[in-house]
Student: 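Submitted below is the structure of interest, expressed as C-alpha cells.
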Amino acid sequence: MKTNSAARTYRLPIPTSDGEFIACYSGHGLCGLKFPSGAMGRKRAAGVARPPAQVREWHAAARQALKRALTGQAPGSLPPLDLSSGTEFQQCVWRVLRGITPGRTRSYSEVAQAIGRTEAVRAVGGACGANPIPVLVPCHRVLAANQGLGGFSGGLKWKRLLLAREGIELPS
DNA sequence: GATGTCGACGTGG
DNA sequence: CCACGTCGACATC
C-alpha cells in the first residue's frame with residue numbers, strides 16, 4: 001500500500017532573535033520543539049515537499065506563540081498539541097504545567113500533589129525532562145522546593161533566560 | 001545549622 | 001538493575 005503520508009512528521013524552522021527553533025508536526029498537531037543548536041546547519045529542506053496547508057497553518061500559530069512566549073507573555077492561541085508520545089503519567093504532568101501562568105512557578109512536589117501522586121515527586125522531574133514541547137509547555141516554571149533551580153533538558157541557561165523574561169527573580 | 005543517608009515513584013537504557 | 005530535572009524525614013555532629 002502507499003506510504004502512509006498521514007504519519008509523516010514535518011520539521012519546520014522558527015527563526016527568532018534567540019536562534020532558530022525547530023518545530024515538529026505530526027498529523028495531529030505540534031509534537032515537538034527543539035532549541036536552537038549552536039552549530040546550526042541551515043540547510044533549506046531542499047528535497048522536502050512543501051507541508052500540507054494544515055501544517056502550515058499550525059506552524060503560523062506556533063511561530064506567533066513562541067515569539068510571545070519568548071518575551072514572557074502568554075503564548076495566546078496554540079496549534080493543537082500532539083502529546084500522544086507520552087505516557088499517561090507524563091501527560092498528566094504536562095497538563096498541569098500548561099496551567100501554570102507566566103510569571104508563576106511551582107515546585108516539583110507541588111506538581112506531584114496536583115496530579116494526586118504526592119510521593120511521585122521524582123517521577124515528576126522525569127516527566128518534565130521528557131516534555132517534547134519546551135517553552136510552550138512551560139516545564140521551565142518548575143523549580144526545586146529548596147529554592148534551587150532544578151534541571152533542564154535544554155540547558156539551564158535557557159531555563160534561566162525564560163524565567164528572567166517572565167520577570168521571575170531567581171533564588172541565589 | 002550544616003551535612004549525609006534513605007525511601008518513594010515512573011521511565012528508559 | 002540503575003540513574004535521573006526531587007523531597008522530606010531522620011541521624012549525627
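Just the heavy atoms: all of them, side chains too, but no hydrogens, waters or symmetry mates, feed the values below. Numbered from 1 within each chain, the chains take letters A, B, ... in sequence-line order.
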Student: Apply ring-ring contact (aromatic ring centres under 6.0 Å, His included) to the pair A:Trp158 and A:Phe152, showing each step before the final yes or no.
Tutor: CA-CA 8 Å; A:Trp158 276 108; A:Phe152 197 66; 8.4 Å; no
Student: For the pair made of CH2 in A:Trp94 and P in B:dG10, what is the distance, rounded to whole Å?
Tutor: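 Those two atoms, CH2 and P, are 16 Å apart.
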Student: Kindly say if A:Asn146 contacts the phosphate of C:dC7, meaning a side-chain N or O under 4.0 Å from OP1 or OP2.
Tutor: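 A:Asn146 to C:dC7 OP1/OP2: side-chain N or O found under 4.0 Å.
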Student: Please give the distance between the C1' atoms of B:dT3 and C:dG5 as a whole number of Å.
Tutor: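 Comparing C1' positions in B:dT3 and C:dG5 gives a spacing of 22 Å.
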Student: Nearest whole Å is fine: how far is C:dG5 P from A:Gln147 CD?
Tutor: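 Result: 21 Å.
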Student: Counting only Watson-Crick pairs (N1-N3 plus N6-O4 or O6-N4) and G-U wobbles (N1-O2, O6-N3), all under 3.5 Å, who is the partner of C:dG5?
Tutor: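 WC or wobble partner does not exist here.
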Student: Can you classify the ring geometry of A:His59 versus A:Tyr25 as parallel (below 30°), tilted (30 to 60°) or perpendicular (above 60°)?
Tutor: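 It falls in the perpendicular class, over 60°.
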Student: Does A:Leu161 reach the side chain of A:Leu70, with side-chain heavy atoms less than 4.5 Å apart?
Tutor: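 No. Closest side-chain heavy atoms not under 4.5 Å.
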Student: Quick one: does A:Trp94's side chain have a donor or acceptor within less than 3.5 Å of a partner on A:Ala127's backbone?
Tutor: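 Indeed, once roles are kept as given, a pair shorter than 3.5 Å links the two residues.
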Student: Walk me through it: do A:Asp18 and A:Lys67 pass the test salt bridge (charged side-chain N to carboxylate O under 4.0 Å, His left out)?
Tutor: CA-CA 10 Å; A:Asp18 294 306; A:Lys67 256 190 197 171; over 6 Å; no
Student: Which part of the nucleic acid, if any, lies within contact of A:Val124, taking any heavy atom under 4.0 Å across all strands shown: a base, the sugar-phosphate backbone alone, or nothing?
Tutor: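 Answer is nothing: A:Val124 stays at 4.0 Å or more from every strand.
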Student: Does CD belonging to A:Glu110 count more than 12 external heavy atoms closer than 6.0 Å?
Tutor: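 For A:Glu110, atom CD is crowded (more than 12 foreign heavy atoms under 6.0 Å).
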Student: Would you verify whether the NZ or CZ of A:Arg8 falls within 45 degrees of the ring axis of A:Tyr10 while also being under 6.0 Å from that six-membered ring's centre?
Tutor: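 Output yes; distance and angle both within limits.
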Student: For A:Ala123, which contact category applies under a 4.0 Å heavy-atom criterion: base, sugar-phosphate, or nothing?
Tutor: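 Since a base atom lies under 4.0 Å of A:Ala123, the category is base.
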Student: When the distance from CD of A:Glu119 to C1' of B:dA8 is rounded to whole Å, what number comes out?
Tutor: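 In whole Å, B:dA8 C1' lies 6 Å from A:Glu119 CD.
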Student: Counting heavy atoms from C-beta on, name the nucleotide in C:dG5, B:dT11, C:dC7 closest to the side chain of A:Gln90.
Tutor: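 From the listed options, B:dT11 comes nearest.
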Student: Whole Å only: how far is the CG atom of A:Leu163 from the P atom of C:dG5?
Tutor: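 Whole-Å distance recorded here is 17 Å.
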Student: Report yes if at least one side-chain N or O of A:Arg117 is closer than 4.0 Å to OP1 or OP2 of B:dG10; otherwise report no.
Tutor: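 Yes, because at least one side-chain N or O of A:Arg117 sits under 4.0 Å from OP1 or OP2 of B:dG10.
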Student: Can you tell me how far P of C:dG5 sits from CH2 of A:Trp158, to the nearest Å?
Tutor: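 Nearest whole value for this atom pair: 20 Å.
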Student: Under 4.0 Å from OP1 or OP2 of B:dT11: is there any side-chain N or O of A:Thr87 that close?
Tutor: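 It does, given that an N or O in the side chain of A:Thr87 lies less than 4.0 Å from OP1 or OP2 of B:dT11.
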Student: Report the base-pairing partner of B:dC9 (Watson-Crick or G-U wobble, both distances below 3.5 angstrom), or none.
Tutor: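 Pairing partner: none.
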Student: Write down the distance between OH (A:Tyr108) and P (C:dG8), rounded to a whole number of angstrom.
Tutor: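 My rounded result for the distance is 13 Å.
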Student: Can you check the A:Glu110 CD to C:dT6 C1' distance for me, whole Å?
Tutor: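 Taking CD of A:Glu110 and C1' of C:dT6, I get 13 Å after rounding.
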Student: Side chain of A:Phe89 only, heavy atoms from C-beta on: which candidate in C:dG8, C:dG5, B:dT11 is closest?
Tutor: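 Shortest atom-to-atom distance from the side chain points to B:dT11.
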Student: Identify which nucleotide among C:dG8, C:dC4, C:dG5 has an atom closest to any side-chain atom of A:Ser109, counting heavy atoms from C-beta outward.
Tutor: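 Shortest atom-to-atom distance from the side chain points to C:dG8.
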Student: Rounded to whole angstrom units, what separation is found between the NZ atom of A:Lys157 and the P atom of C:dG5?
Tutor: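 For the pair A:Lys157 NZ and C:dG5 P, the rounded distance is 16 Å.
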Student: Please determine, for the side chain of A:Lys159, which listed nucleotide (C:dC7, C:dG5, B:dA8) has the closest atom?
Tutor: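 For A:Lys159, the side-chain atoms sit closest to C:dG5.
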Student: What residues from residues 96-105 of chain A pass a heavy-atom cutoff of under 4.0 Å to DNA chain C?
Tutor: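 Those residues whose heavy atoms fall under 4.0 Å from DNA chain C, taken from residues 96-105 of chain A, amount to none.
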Student: Using a cut-off of 4.0 Å on non-hydrogen atoms, how would the nucleic acid contact of A:Gly129 be classed: base, sugar-phosphate, or nothing?
Tutor: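 The answer is base, as A:Gly129 lies within the cut-off (heavy atoms under 4.0 Å) of a base atom.
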Student: Walk me through it: do A:Glu166 and A:Arg104 pass the test salt bridge (charged side-chain N to carboxylate O under 4.0 Å, His left out)?
Tutor: CA-CA 8 Å; A:Glu166 296 181 13; A:Arg104 302 277 305 202; over 6 Å; no
